2 protein chains.
Amino acid sequence: MSTPRELARVRTLAEIRRLAWEHLEQHGAAALSLRAIARELGIVSSAIYRYVPSRDDLLTLLITEGYRDLADDVERALADLPGGEAAPGRVQWLTASHALRSWAIRRPAAWSLLYGSPVPGYSAPPQETTPEGTRVVLRLGAILSAALARGEVAAVVGPLSGGPALPTALAAELRVIGGDVEGGLDEDVAPAAVAQVIAGWTALLGAVSSEVFGQLGRDPLGEPEVFARVQLATIADAVGLRDLERAP
Amino acid sequence: MSTPRELARVRTLAEIRRLAWEHLEQHGAAALSLRAIARELGIVSSAIYRYVPSRDDLLTLLITEGYRDLADDVERALADLPGGEAAPGRVQWLTASHALRSWAIRRPAAWSLLYGSPVPGYSAPPQETTPEGTRVVLRLGAILSAALARGEVAAVVGPLSGGPALPTALAAELRVIGGDVEGGLDEDVAPAAVAQVIAGWTALLGAVSSEVFGQLGRDPLGEPEVFARVQLATIADAVGLRDLERAP
DNA sequence: TGCCCAATGTGAGCAGTGCTCTTGCGCACC
DNA sequence: GGTGCGCAAGAGCACTGCTCACATTGGGCA
């Protein structure tokens, strides 16, 4: 292994991915063109199929790479947090939220690819994208579970008290994570907590997507950073994460 | 006016819109093909340009039509509400939320067109889409404003107390609506309320989009209706709308 | 060192797309 | 009853994904 040919091959493949991202950032997912990539690579259009089986496979490649990069970013931000896992749950959640948002702002096309409307005629193969794609949600779930176990979460509100059972694969995974945490999650509280995490997650997706996609009008607010901070803090509130410094 | 020719023209245009929606529902926005529509219309491909200037103009047409249909749906649901404007704010908000969601479930491609990632190379002309596109948010803002004036909204939480000013066109519009309501909104509370509405709105977008786009895995929960109800109720909670029957 | 064959690059070609242009037909109006 | 305008037809351009037969070339083995 690592013969010159294989080395050249991975180099070419990396260059293809780089050009593909460049194209994606400029022209959007649906306009991703293998021919254009081949052209910029200085190669005839058909030769690209020596490296990438099809356009859809390239998309899958980019999607998993995007998920991985995003999750790495979030986990890096959490690792840089003073106190680490011992930091207050709300601080961890907000750190992850802001890492999520700034990644999306930095790479709007990538965000669009991961969390925008699905590319027509293409659906990502779950067995390849799911592992990387669920890392962030699961991390958020772990954060909330830990905070819950430490009593940092306000009482679950409204319709969720004694809420309905939510049997789902994601819920199961989240409950597993909850089980790993000191104290774990007893049966009464777990379904509601799972619902809270998912609700917070979809709210995060909505807030970030609205900003990235310009859904609130182009440059809706004079102060995007301030507004984003308010939005993300509101979501942290909605999830029940108490601000330990303000309200003891 | 209404000569036979003009009549035939509007009939053909309506048929084009119908076929376009059909195509959209089946193949997605980016795959919308004028040639295919012309083919199904029994017309040669170039003839379609007598009716629709370009593919992008057809998209604009569909987008405004979609916004209008959605807003009409929401307002119809609110009009059918027993009590009408006098109904509790939370009931009105939840009614609008569920109308929004079921419209999205019923017309996923339309939802994707309106609130998904923007179609690359195309951006909707704001002067044509904005009026219809903001009807639902503004309605939600009016509902929250009214509820606020009637004291049905829980104290604004966390970081929003005395929150930062949010000077924006949307905020201005929302404040105008608030001014129409009995009692109006005084300066202290308005910015926070505006932030609440926008936060609730983006959360709604996120929740609905996650469900429509299958972001939580395909068929994530065994009981989609139950889960949606919990999600939407959580958002109503987050916005601060109190459940008058449960917690007086 | 030299040779073989697999890995890679080439170019033509098929079917599809959006869009433009010229040509000619037929209907509606005067 | 003419006739001018609205409309359809068809060819054509440039682009896409993808396939296939063929040419080239360079790495690894004898």
Side-chain angles (χ1 to χ4, degrees), chain A residues 1-17 19-20 22-24 26-63 109 113 118-125, chain B residues 1-17 19-20 22-24 26-63 109 113 118-125:
Chain A
M1 52 197 78
S2 103
T3 74
R5 270 213 165 123
E6 284 175 355
L7 221 147
R9 184 174 182 82
V10 302
R11 244 200 285 270
T12 309
L13 250 170
E15 186 68 4
I16 288 178
R17 282 206 307 269
L19 287 173
E22 211 170 87
H23 253 81
L24 219 63
Q26 288 177 359
H27 308 100
L32 182 63
S33 154
L34 287 186
R35 285 178 114 104
I37 294 174
R39 209 178 303 131
E40 286 190 28
L41 207 94
I43 265 178
V44 86
S45 69
S46 59
I48 197 97
Y49 291 92
R50 299 281 179 200
Y51 297 93
V52 172
S54 77
R55 200 193 90 119
D56 285 6
D57 287 83
L58 178 58
L59 269 181
T60 303
L61 208 74
L62 296 178
I63 287 177
L113 182 63
V119 181
Y122 166 83
S123 78
Chain B
M1 50 197 77
S2 102
T3 73
R5 266 208 167 126
E6 285 175 353
L7 221 148
R9 185 175 180 80
V10 302
R11 243 200 286 271
T12 309
L13 250 168
E15 186 68 5
I16 288 178
R17 283 206 307 269
L19 287 173
E22 210 170 88
H23 253 80
L24 218 63
Q26 288 177 1
H27 308 101
L32 181 63
S33 154
L34 288 185
R35 285 178 112 102
I37 294 174
R39 207 180 305 130
E40 286 190 30
L41 207 90
I43 265 177
V44 84
S45 69
S46 59
I48 198 102
Y49 292 91
R50 298 281 176 196
Y51 297 93
V52 173
S54 77
R55 201 191 90 120
D56 285 5
D57 287 83
L58 178 58
L59 270 180
T60 303
L61 208 74
L62 296 179
I63 287 177
L113 183 61
V119 181
Y122 167 83
S123 78

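Since the model is a prediction, treat every value here as computed from it, not as a measurement. Below, read A as the first sequence line, B as the second, and so on, with proteins coming before strands; counting in each chain starts at 1.
- Per the geometry, CD1 belonging to B/Ile48 stands 13 Å off P belonging to C/dT17, to the nearest Å.
- With a 4.5 Å cut-off on side-chain heavy atoms, A/Leu19 and A/Glu22 count as touching.
- Side-chain atoms of A/Val52 and A/Leu61, non-hydrogen and from C-beta on, never get closer than 4.5 Å to each other.
- Rounded to whole angstrom, the span from the CG atom of A/Leu41 across to the C1' atom of C/dG9 amounts to 12 Å.
- With sequence neighbours excluded, the residues satisfying side-chain contact (heavy atoms from CB on, under 4.5 Å) with B/Ile48 are B/Ile16, B/Leu34, B/Ile37, B/Ala38.
- Atom-to-atom distance recorded for B/Leu58:CG and B/His23:NE2 is 11.0 Å, nearest 0.5 angstrom.
- Taking atom CD1 on A/Ile43 and atom P on D/dT24, their separation rounds to 18 Å, with Å as the unit.
- One distance of note links OG1 of A/Thr12 with CZ of A/Arg50; it measures 13.5 Å at 0.5 Å rounding.
- With sequence neighbours excluded, the residues satisfying side-chain contact (heavy atoms from CB on, under 4.5 Å) with B/Arg35 are B/Ser33, B/Arg39, B/Ser45.
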With sugar-phosphate taken as primed atoms, P, OP1 and OP2 and all else as base, the protein-contact string of nucleotides 15-22 of chain D at under 4.0 Å (heavy atoms; B, S, -) is -BBBBBB-

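- The interatomic distance linking B/His23 (NE2) with C/dG16 (P) rounds to 13 Å, in whole Å.
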